[in-house]
2 protein chains.
Amino acid sequence: MTISDRSFITAHDVARAAGVSQSAVSRAFTPGASVAPDTRARIMDAATRLGYRPNLLARSLISGRSNIVGVGVGDLSNPFFVETLQLLSRTLDEAGLRLLLFPAEAQGGGEPSINEILHYRLDALVLLSVGLSSGLAEECRKAQVPVVLYNRTTQDHAASSVIGDNGIGARTIAAHLLAGDHRRMAFIAGADGSSTNMQREKAFFGYLAEQGATAPLRAAGDYRTEVATAATRQLLAGQDRPDAIFCANDNMAIAAINVARHEFGLDVGREISIVGYDDVAMAAWPAFSLTSYAQPAQRMVDEVLRLILALRDDPDRHEDVVVDGGLVVRGSSRTIRPR
Amino acid sequence: MTISDRSFITAHDVARAAGVSQSAVSRAFTPGASVAPDTRARIMDAATRLGYRPNLLARSLISGRSNIVGVGVGDLSNPFFVETLQLLSRTLDEAGLRLLLFPAEAQGGGEPSINEILHYRLDALVLLSVGLSSGLAEECRKAQVPVVLYNRTTQDHAASSVIGDNGIGARTIAAHLLAGDHRRMAFIAGADGSSTNMQREKAFFGYLAEQGATAPLRAAGDYRTEVATAATRQLLAGQDRPDAIFCANDNMAIAAINVARHEFGLDVGREISIVGYDDVAMAAWPAFSLTSYAQPAQRMVDEVLRLILALRDDPDRHEDVVVDGGLVVRGSSRTIRPR
DNA sequence: CTGAAAGCGCTAACAG
DNA sequence: CTGTTAGCGCTTTCAG
């Protein structure tokens with residue numbers, strides 16, 4: 001005895017109620033269309049009375065444009081992507097675009113569900129810190145859905161991207177740590193395949209080498225808390241304990257602070273400096289007071305929107321946008337030489 | 001010179017390529033339909049070759065069911081909702097449902113964008129910690145979109161809901177604090193109109209009154225960091241400083257810990273006890289070690305899915321689901337009387 | 001098992 | 001300005 005029969009109110013119903021043709025109703029709901037003021041009024045009246053609203057699925061079917069943007073997120077335990085997602089949802093909303101969220105594995109790009117997603121005529125696909133496998137890129141190309149990578153790039157021109165200037169960021173951090181007279185540095189890396197990590201790592205090590213500094217230790221990481229926690233333990237328990245750790249993102253840096261302070265009893269900012277990347281809101285909390293290289297999420301999101309709109313008109317366009325940030329020095333790193 | 005002309009591959013194209021009718025193609029992609037094995041094979045072959053995928057917008061237009069669930073989120077700075085959102089995205093995905101995310105104001109339910117959302121034939125609308133105004137409820141009813149409230153309820157039967165047992169939770173916390181021999185308690189409230197806060201507050205004050213304890217101080221809050229920070233400052237700077245603070249959620253409790261420890265130099269867990277609600281992942285971090293009443297997000301999300309599926313078949317159904325949780329005692333609250 | 005034909009709800013030329 | 005007429009891409013009878 002299911003009542004799954006939802007009979008929606010259609011433009012026809014409104015037309016009948018208002019004594020006009022169905023296409024008149026359509027026009028009344030189309031911004032630029034020509035309808036006599038009082039006809040429109042009569043239609044609108046009937047419409048609100050009946051609770052009518054145009055079926056956007058039907059509209060999309062005709063226009064070939066859904067006004068829906070797919071957004072794939074991997075790990076929401078990283079606050080930077082949560083902050084981005086919040087900004088993105090607002091920004092897309094204001095632009096009249098809908099956000100179809102789907103879970104994507106950090107590595108593969110969420111192959112299974114993404115294939116489902118492509119069945120909707122998405123205006124674009126945005127991947128937040130999720131890699132784009134070549135197979136997936138091919139699927140998107142076939143489905144004619146342009147892809148925008150956020151905080152990542154890809155070598156082949158399979159997708160446009162919006163990233164921060166990781167080279168400048170990592171070098172700035174290296175210079176900051178050198179200025180603080182740190183002698184034994186360490187780097188906790190991000191996910192192995194990610195362009196972002198490669199860029200940050202390369203610039204960090206490169207700059208230190210240029211300056212004739214001792215090569216830093218390196219610990220594998222994946223941007224997430226657990227691995228970073230283990231990596232920090234290992235670094236701090238080792239023979240020559242580093243006096244500075246640069247973590248490839250804030251999420252890991254906060255984990256590192258927790259370990260250094262609560263497990264090793266270190267005075268972070270004096271006995272050891274810890275620096276992150278992103279400048280998430282939490283970094284400013286007194287509990288962490290984390291020095292970090294800020295990535296301007298809102299500006300990056302604005303660029304994403306701009307790209308989406310551009311790609312709607314020209315799907316074959318390719319653009320790699322780089323947004324710059326800035327170092328925010330806080331208590332977790334010392335600026336001057338000790339003693 | 002825009003090339004906005006995305007010519008998608010349709011079932012017709014596949015039909016021509018496979019030498020069958022268009023309806024045969026449709027059948028080949030319909031689970032229960034009757035197609036000869038080799039016909040289907042020929043069709044599938046042509047389909048993959050051409051990169052065809054059924055247009056779900058067209059399908060939804062016919063079935064009257066979009067397989068899309070709208071999800072409104074207010075403040076993503078509250079980790080509990082981030083954790084929930086992550087679980088929800090996975091859970092819906094596995095059930096073959098799409099998640100249309102939209103920003104909703106914590107109070108009103110995001111009137112403007114929600115009205116846009118309703119234009120898609122949503123299977124359901126889930127509101128994460130967002131109130132449902134009566135006007136909005138009416139809109140949803142008219143649009144025949146069933147609403148599920150998460151972590152909130154509403155008096156009128158305008159929507160179904162999934163909540164934790166706030167009464168038991170708050171009483172358990174009160175009992176815990178009494179056992180720790182706290183004499184001067186305080187409560188930092190959640191958003192004023194929210195059912196969740198009312199339930200927690202009422203149970204907390206009620207239990208203490210029953211036990212003959214001194215009535216706690218009360219500070220206004222809104223579940224978010226900023227107000228909680230200010231409220232804590234005021235409480236701790238006051239004449240008779242409380243020796244225990246119960247915050248209506250973890251997000252505020254963590255803010256309270258930050259203030260107590262870093263601004264007032266208090267030893268949290270000895271000089272003052274601070275307790276939260278939700279048991280978000282961060283509560284377990286050594287930096288906070290927050291005692292909290294756990295809400296089982298996954299189970300709550302499972303209930304949301306169950307409700308959605310039930311409501312698809314019977315939109316008029318109404319159900320208020322209550323899921324129970326449990327107290328997790330950590331270092332931020334003392335268990336035994338001091339000294 | 002398969003093709004032809006009739007829509008789902010809407011937009012977009014066309015004539016009037 | 002307005003009604004009529006074709007479809008958008010797909011599912012679904014209905015004959016064969």
Side-chain angles (χ1 to χ4, degrees), chain A residues 4-44 46-47 50-68 116 118-123 143-144, chain B residues 4-44 46-47 50-68 118-122 143-144:
Chain A
S4 75
D5 185 35
R6 303 196 284 175
S7 54
F8 291 104
I9 290 146
T10 76
H12 257 112
D13 303 325
V14 178
R16 205 172 317 118
V20 294
S21 77
Q22 180 267 322
S23 41
V25 177
S26 173
R27 286 194 198 95
F29 281 87
T30 307
S34 58
V35 198
D38 65 318
T39 318
R40 150 172 264 126
R42 228 173 43 255
I43 293 174
M44 287 320 217
L50 296 176
Y52 166 75
R53 45 185 96 233
N55 186 335
L56 290 194
L57 296 174
R59 179 179 290 177
S60 301
L61 187 56
I62 295 169
S63 65
R65 169 175 295 187
S66 63
N67 282 323
I68 298 178
E116 267 298 309
L118 288 176
H119 289 243
Y120 294 87
R121 295 288 188 249
L122 298 181
D123 283 14
Q144 309 222 52
Chain B
S4 75
D5 186 36
R6 303 196 284 173
S7 53
F8 292 104
I9 291 145
T10 75
H12 257 112
D13 303 326
V14 178
R16 206 173 315 117
V20 294
S21 77
Q22 181 267 324
S23 39
V25 176
S26 173
R27 286 192 198 96
F29 281 87
T30 306
S34 58
V35 197
D38 65 318
T39 317
R40 147 171 268 126
R42 236 182 25 263
I43 293 175
M44 287 320 221
L50 296 177
Y52 166 76
R53 48 184 94 232
N55 185 335
L56 289 195
L57 297 174
R59 178 179 292 178
S60 300
L61 187 56
I62 296 168
S63 66
R65 167 175 295 187
S66 62
N67 281 324
I68 297 178
L118 289 177
H119 290 243
Y120 295 88
R121 296 286 186 251
L122 298 181
Q144 310 222 51

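The basis for the numbers below is simple: all heavy atoms, side chains too, and nothing from hydrogens, waters or symmetry mates. In the text below, chain A, chain B and the rest are named by the order of the sequence lines, each starting its count at 1.
Counting to the nearest Å, the C1' atom of D:dG3 and the CD1 atom of A:Ile43 are 12 Å from each other. The distance from atom CG of A:Asn67 to atom P of C:dC10 is 16 Å, rounded to the nearest whole Å. Computed from coordinates, the B:Arg42 CZ to C:dC1 P distance equals 14 Å when rounded to whole Å. Rounding to whole angstrom units, CG of residue B:Asp38 and C1' of C:dT2 are separated by 12 Å.
Side-chain contact between A:Thr10 and A:Asn55: absent, with no pair of heavy atoms (C-beta onward) separated by less than 4.5 Å. Inter-residue side-chain proximity for B:Val20 and B:Val25 is flagged as met; some heavy-atom pair is nearer than 4.5 Å.
Note that the CZ atom of A:Arg121 and the CD atom of A:Gln144 stand 8.5 Å from one another [nearest 0.5 Å]. Rounding to the nearest 0.5 Å gives a distance of 7.5 Å between CD1 of A:Ile43 and OG of A:Ser21. From B:Phe29, atom CZ reaches atom CZ of B:Arg59 across 9.0 Å, with rounding to the nearest 0.5 Å. In this structure, the separation between CZ on A:Arg65 and CG on A:Asp123 is 6.0 Å, given to the nearest 0.5 Å. Note: B:Tyr120 OH to A:Arg53 CZ = 13.0 Å, rounded to the nearest 0.5 Å.
Taking side-chain N and O atoms only, A:Ser60 has no distance below 4.0 Å to OP1 or OP2 of C:dC10.
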Nucleotide-resolved protein contact map, nucleotides 8-16 of chain D, B/S/- at heavy-atom distance under 4.0 Å: BBBBBB---
Taking it one step at a time, do B:Leu56 and B:Asn67 satisfy side chain to side chain contact (heavy atoms under 4.5 Å, CB included)? CA-CA 9 Å; B:Leu56 289 195; B:Asn67 281 324; over 6 Å; no
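The rotation axes computed at either terminus of the helix from C:dC1-D:dG16 to C:dG16-D:dC1 lie 40° apart, taking five pairs at each end and rounding to 10 degrees.
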